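Each chain gets a letter, A, B and so on, in the order its sequence line appears, and its residues count up from 1. What's counted below: heavy atoms across the whole structure, side chains too, no hydrogens, waters or symmetry copies. Not measured: the values here are computed from a predicted model.
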Protein chains: 2
Amino acid sequence: MQREVAAIYKFYRRHKRMPTYREIAALMGFASKNAAYKLVQKLVREGVLQKDKEGRLVPNRLRAEVILAGVVEAGIPSEAEVAALERLSLDETLIEGNNVTYALRVKGDSMEGAGILEGDLVLVECAEDAPVGAIVVACIDGEWTLKYLREGRGGRYLAAANPRYPDLYPSESLRIGGIVRAVVRTY
Amino acid sequence: MQREVAAIYKFYRRHKRMPTYREIAALMGFASKNAAYKLVQKLVREGVLQKDKEGRLVPNRLRAEVILAGVVEAGIPSEAEVAALERLSLDETLIEGNNVTYALRVKGDSMEGAGILEGDLVLVECAEDAPVGAIVVACIDGEWTLKYLREGRGGRYLAAANPRYPDLYPSESLRIGGIVRAVVRTY
DNA sequence: ATAATAGGTGAACGAGCGTTCACCCGTCAA
DNA sequence: TTGACGGGTGAACGCTCGTTCACCTATTAT
């Protein structure tokens, strides 16, 4: 039972799609794809697999996504509570824009005040413009940096979140490369 | 051109499968799925998309995931550089442990010094024990909280990363619920 | 002006899809 | 002994898939 599910997810990982019933039958050694159909029905009934409304097999979110368990003060949920909780795909949540998203490793402590530390990964959506106040990856006078985008009398400039760093006013050019959409830190 | 590819991969991320030609047509606003077919053919010819030998559209795994583009100082890579860069699936990277991983929303500013702000999402791997020094979700005298796990003469205690908060020594019990493996913040 | 081309529509085709039906055969309970 | 049942086979059904064909514009090159 568990072996069957593992085989299906192995197929999914290798092919980046769920198998057809014919392929499941081959995976399990069945001669008839109907045997695979009945097996899948059983697994769906048990909640191990899922189908979308068109009947296509969909990878179970439990295996692919994070369980959103409320706030810290609520603590770790019991196994019984987990069923009712929302799921969250990080890939989906963090890369939602239509533009290309890059991950950049942060160097230095200039954005420490905004909770962005050295070594963090920032997810940057490519954009040539950004709203004032956003955290941007920008090229100022030929050098790339990660800062707040601010606007003053003299036009736009870059500001660190760390008071030990001065504001940066462009002497020649200020080109925005992208907007920071998310910060990810792993331990 | 880049917009179309992005839309297709956005569909892939949301549905965990590639779209059919009919769905691509809907995505692009075409009335005929043949327009989608021709578009895909062009993209395949350019190597932006791939098909397997059965003619199914296959995600160019290089695009379904985040492009790891080096450090901030290197800036946004040009389209030519992108081909050589590493890719990264956030779901896979952030949920690597064998135990169940939960996402918890952070309340309060007690871990501000560690770059964990109010509203951030912490990914917590369930565990009943944790190494000293780790950031843990723990239940101290019946209350759940997010702190550093420390050890002193009197045994283990919890410490905030914000100096305005006192260390917490358990008067009765200190139960560890999980270890913080990652922090995610979206803007 | 004319031809060629890129990019769209709409209809059609065979193949493969998910699904259903009828049937077979061990196992187990009544 | 009998009958229900779980798990398998094989054939069949519509629907949707990828693919092809004929045709219709605009735009561009000759």
Side-chain angles (χ1 to χ4, degrees), chain A residues 1-65 87 89 92 98-100 126, chain B residues 1-65 79-80 83:
Chain A
M1 170 70 89
Q2 211 56 30
R3 213 180 53 246
E4 285 91 333
V5 182
I8 290 177
Y9 277 102
K10 191 174 169 188
F11 184 101
Y12 173 73
R13 252 173 272 123
R14 174 137 60 222
H15 295 85
K16 306 277 186 205
R17 66 175 172 85
M18 294 301 264
T20 68
Y21 286 111
R22 188 167 304 187
E23 286 162 339
I24 294 176
L27 242 46
M28 306 295 168
F30 296 155
S32 159
K33 64 173 182 167
N34 186 27
Y37 180 77
K38 288 182 183 175
L39 172 68
V40 166
Q41 268 203 325
K42 206 182 65 179
L43 295 175
V44 167
R45 232 180 290 122
E46 290 170 8
V48 183
L49 288 178
Q50 289 181 210
K51 293 188 188 184
D52 65 9
K53 45 213 77 150
E54 283 93 17
R56 292 189 193 85
L57 222 46
V58 170
N60 192 319
R61 322 190 78 195
L62 258 172
R63 300 212 170 214
E65 305 182 351
R87 312 297 146 114
S89 164
E92 190 187 321
N98 259 345
N99 296 338
V100 187
C126 280
Chain B
M1 171 72 86
Q2 210 58 25
R3 189 56 45 102
E4 285 91 335
V5 182
I8 290 176
Y9 278 103
K10 191 173 171 185
F11 183 102
Y12 172 74
R13 255 176 268 119
R14 176 139 60 222
H15 294 84
K16 310 271 190 217
R17 65 175 171 85
M18 292 300 264
T20 67
Y21 287 110
R22 189 166 305 186
E23 287 162 338
I24 294 177
L27 243 45
M28 307 294 167
F30 296 156
S32 159
K33 64 173 181 166
N34 186 27
Y37 180 77
K38 288 181 182 174
L39 172 68
V40 167
Q41 268 203 327
K42 207 182 64 179
L43 295 175
V44 167
R45 231 180 291 123
E46 291 169 6
V48 183
L49 287 178
Q50 290 176 214
K51 292 188 187 185
D52 63 9
K53 41 214 77 149
E54 284 93 15
R56 292 189 193 84
L57 221 46
V58 174
N60 188 343
R61 91 188 47 157
L62 309 176
R63 238 176 240 246
E65 307 171 354
E79 210 154 318

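Scanning atom types as modelled, no donor and acceptor separated by under 3.5 angstrom connect the side chain of A:N34 and the base of D:dG8. For C:dG8, the base has a donor-acceptor partner in the side chain of B:K38 [N/O atoms by modelled type, under 3.5 angstrom]. Applying the 3.5 Å distance criterion, the base of D:dG10 shares a donor-acceptor pair with the side chain of A:S32.
In this structure, of C:dG18, D:dG8, C:dT9, it is C:dT9 that holds the atom nearest to the side chain of B:A31.
Spacing between atom OH of B:Y37 and atom P of D:dC17 amounts to 15 Å, rounded to whole angstrom units. Between the CD1 atom of A:I24 and the C1' atom of C:dG16 there is a distance of 15 Å, given to the nearest Å. To the nearest angstrom, C1' of D:dG8 lies 14 Å from CE of A:M28. Rounded to whole angstrom, the span from the NZ atom of B:K42 across to the P atom of C:dA6 amounts to 10 Å. The CZ atom of A:R22 sits 13 Å away from the C1' atom of C:dT19 (whole-angstrom rounding). If you measure from atom CE of A:M18 to atom C1' of C:dC17, you get 16 Å, rounded to the nearest angstrom. Rounded to whole Å, atom P of C:dG18 lies 7 Å from atom NZ of A:K33. Whole-Å rounding puts the B:L39 CG to C:dA6 C1' distance at 12 Å.
From B:L57, atom CG reaches atom CG of B:L49 across 5.5 Å, with rounding to the nearest 0.5 Å. Between the CG atom of B:L27 and the NZ atom of B:K10 there is a distance of 9.0 Å, given to the nearest 0.5 Å. Atoms CZ and NZ, from B:F30 and B:K38 in turn, are 10.5 Å apart once rounded to the nearest 0.5 Å.
Heavy-atom minimum distance, A:M28 versus A:L39: CE-CD2, 4.0 Å.
For residues 22-33 of chain B, the side chain to side chain donor-acceptor pair (under 3.5 Å) pairs, not counting sequence neighbours, are B:R17-B:E23, B:T20-B:E23.
Phosphate contact (OP1/OP2 of C:dT19, side-chain N/O of A:Y21, threshold under 4.0 Å): present. Using a 4.0 Å cut-off, some side-chain N or O of B:R56 falls inside it from OP1 or OP2 of C:dC17.
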